[in-house]
A.B. asks: 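Have a look at this one.
Count residues from 1 along the sequence. Every value quoted in this text rests on a predicted model; they were computed, and no experiment measured them. As the structure lists them, so they are numbered: ligands from 1, and atoms in each ligand from 1.
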Amino acid sequence: MENRVEELQREIDNYAITCTDELEAFRLRFMVRKGSIAELFGELKDAPAESRPRYGQLLNQLKQSADRKYDSARKQLSALSTGEKQRHNDLTLPGRKLYQGSEHPVQKVLGDMKQIFRAMGFTIATGPEIELDSYNFDMLNFPKNHPARDMQDTFFITRKEGEDALLLRTHTSPVQIRVMLDDKPPIRVICPGKVYRNEAISARSYCVFHQLEGLYIDTNVSFADLKATIFSFAKQMFGSSVELRFRPSFFPFTEPSAEVDVTCYLCGGSGCKVCKQSGWLEILGCGMVHPNVLKNCSIDPEKYSGFAFGMGVDRTALLRYKIDDIRLLFENDVRMLEQFMQ
Ligand code: DAH
């Protein structure tokens, strides 16, 4: 008995059911009243009484496995055949509309920025949006409790006395730190990405926006190199006729620091609503990397120097595409986005 059960089990397992005829043949072979499993059930009464319960159990298992195989093969075949029918029968239905995606205006602007810097030999580095307080502030030479930290209203995630807090990065500058800790000079990277600030939301400012950071470290890097890089970038990005001005500024991680304006590319510098009649638009902050920042990353400031810059991306997208509310950039409303189809 046991051998025959085993044999039948093997046969069931190996039985190929690829069409309805084979399904029917399987049913006739194993499942009907005169099938081979039923035949064995019939012989049960002749088995020795003490073996009967065990044989019965074996036979039940065999029957269940045949049922399972039959059911699953039937389901598969019927799914195939409805699919088949649909494919054949629905030829006259109108085609389904395919929705074409579009590139987000911020990504278009970022793409142009990346291309310009890539051509100058910068590579792209990225870092996490959830950042350590020490990378976002301390290592960038923000002293503890220094008012400079308040320039960037921060979303903290965890904040415990005596521990490095977790926060949403307020700028892309911490990626500088990550790059300098990982690589040794020469370093030439741009770091694009999202940053977060806990600011009042309005048409002009939002709690999340995009920045592009730049970092160049090597021997003998000077402020003149910084100026040349920014000049070249600005002319390619905003038009060859724009003029630039560097205004002295302050950032803890650069010394000296500057903010850079270009002549308003909407009015050509004569004064309009967007540039508030000044003729100038601010595009970025920059400066020579502070020796403390280099030291924090084990780079010798006696041997190496470098410049860094950081610019906003969203404002350029707003100006370029004449969008009057920054919130539209983050709402993912298809009616807005589909205007940017290629
Ligand atoms: N991280 C600054 C900010 O978000 C921007 C900035 C200024 C970045 C000067 C720099 C820099 O790398 O050198 O306000």
A.B. asks: Near Gln152, which atoms of ligand 1 are under 4.0 Å from a heavy atom of that residue?
C.D. replies: 3 (C), 4 (O), 14 (O)

A.B. asks: Going by the order shown, which atoms of ligand 1 are within less than 4.0 Å of some heavy atom of Thr254?
C.D. replies: 13 (O)

A.B. asks: Ring centroids only, cut at 6.0 angstrom: are Tyr206 and Phe330 within range, meaning strictly under it?
C.D. replies: yes

A.B. asks: Whether Arg29 engages the ring of Phe26 as a cation-pi pair (distance to the six-membered ring centre under 6.0 angstrom, angle to the ring normal within 45°) should be assessed.
C.D. replies: no

A.B. asks: Are any of the heavy atoms in Phe307 under 4.0 Å away from ligand 1?
C.D. replies: no

A.B. asks: So for ligand 1, is Phe251 a polar contact partner (N or O within less than 3.5 Å, distance only)?
C.D. replies: no

A.B. asks: Identify, for atom 13 (O) of ligand 1, the protein heavy atom at the shortest distance, and state residue, atom and that distance.
C.D. replies: Ala308 O, 3.1 Å

A.B. asks: Please report whether ligand 1 has a polar contact with Glu213, defined as an N or O pair separated by less than 3.5 Å (distance criterion only).
C.D. replies: yes

A.B. asks: Could you tell me, atom by atom, which parts of ligand 1 come under 4.0 Å of a heavy atom of Gln176?
C.D. replies: 12 (O)

A.B. asks: Just which atoms of ligand 1 are under 4.0 Å from any heavy atom in Ser173?
C.D. replies: 1 (N), 8 (C)

A.B. asks: So that I can tick it off, tell me whether Arg149 and Asp138 are bridged by a salt bridge, with the cut-off set at under 4.0 angstrom between side-chain N and carboxylate O.
C.D. replies: yes

A.B. asks: Cation-pi check, Lys194 to Phe209: give yes when NZ or CZ is under 6.0 Å from the six-membered ring centre and within 45° of the ring axis, no otherwise.
C.D. replies: no

A.B. asks: Is there a side-chain contact between Val5 and Tyr55, using heavy atoms and a 4.5 Å cut-off?
C.D. replies: no

A.B. asks: Is the closest heavy-atom distance from Gln211 to ligand 1 below 4.0 Å?
C.D. replies: yes

A.B. asks: Below 4.0 angstrom, N of the basic side chain to O of the carboxylate: do Arg178 and Glu131 qualify?
C.D. replies: yes

A.B. asks: Taking all heavy atoms of Leu294 and all of Ile217, pick out the closest pair and write down the distance.
C.D. replies: CD2-CD1, 3.7 Å

A.B. asks: Return the residue, atom name and 0.1 Å-rounded distance of the protein heavy atom closest to atom 11 (C) of ligand 1.
C.D. replies: Phe253 CE1, 3.4 Å

A.B. asks: Heavy atom under 4.0 Å from ligand 1: found in Arg197's side chain, backbone, both, or neither?
C.D. replies: side chain

A.B. asks: Please identify which atoms of ligand 1 are closer than 4.0 Å to at least one heavy atom of Gly287.
C.D. replies: 13 (O)

A.B. asks: Heavy atom to atom 1 (N) of ligand 1, shortest distance: which of His171, Arg169, Glu255 holds it?
C.D. replies: His171

A.B. asks: Looking at every non-hydrogen atom in both residues, tell me the closest pair between Cys286 and Val260 and how far apart they are.
C.D. replies: SG-CG2, 3.9 Å

A.B. asks: Are Asn3 and Glu7 linked by a side-chain donor-acceptor pair shorter than 3.5 Å?
C.D. replies: no

